[in-house]
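To keep things clear, I will list the structure first and then write my remarks on it.
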Amino acid sequence: MHTCPRCEAKQANLVSKSPVKGAWEIYLCNVCLFTWRSSEPETITNPAKYPRPFKVNPKDVPLATHVPPVPPRS
């Protein structure tokens, strides 16, 4: 398990690896559903450097009941 940069829950899992060994890995947070690639800058991958305005409190996630609908394809 890894720590999510956005909500800091220690419930992020590796979901994919690059076909080129060691190039990147993709992680998914089981709490806030944030997904990131290991090759992104530290402002995305490091919880201490992730921008404060975009942080999510894990306790607020279950309260986020309004999810905007995906528009129909045209």
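Rounded to the nearest 0.5 angstrom, Ile26 CD1 and Arg37 CZ are separated by 7.0 Å.
Contact between Thr45 and Pro5 at its shortest, heavy atoms only, is O-CG, 3.5 Å. For the residue pair Leu28 and Thr35, the shortest heavy atom distance occurs at CD1-OG1, 3.3 Å. What you find for Lys49 and Glu42 is that their closest heavy atoms are NZ-OE2, 3.5 Å. Shortest non-hydrogen contact noted between Arg6 and Lys55 is O-CD, 3.1 Å. Here the closest non-hydrogen pair linking Val56 and Cys32 is CG1-CB, 4.4 Å. Minimum interatomic distance between Cys4 and Trp36 (heavy atoms only, all atoms of both residues): CA-CH2, 3.7 Å.
Cluster membership for Tyr27 and Trp24, using ILVMFWY side-chain heavy atoms within less than 4.5 angstrom, is not shared.
Aromatic ring centroids of Phe34 and Tyr50 lie under 6.0 Å apart.
Contact of the Asn13 side chain with the Met1 side chain is registered, since non-hydrogen atoms from C-beta on lie closer than 4.5 Å.
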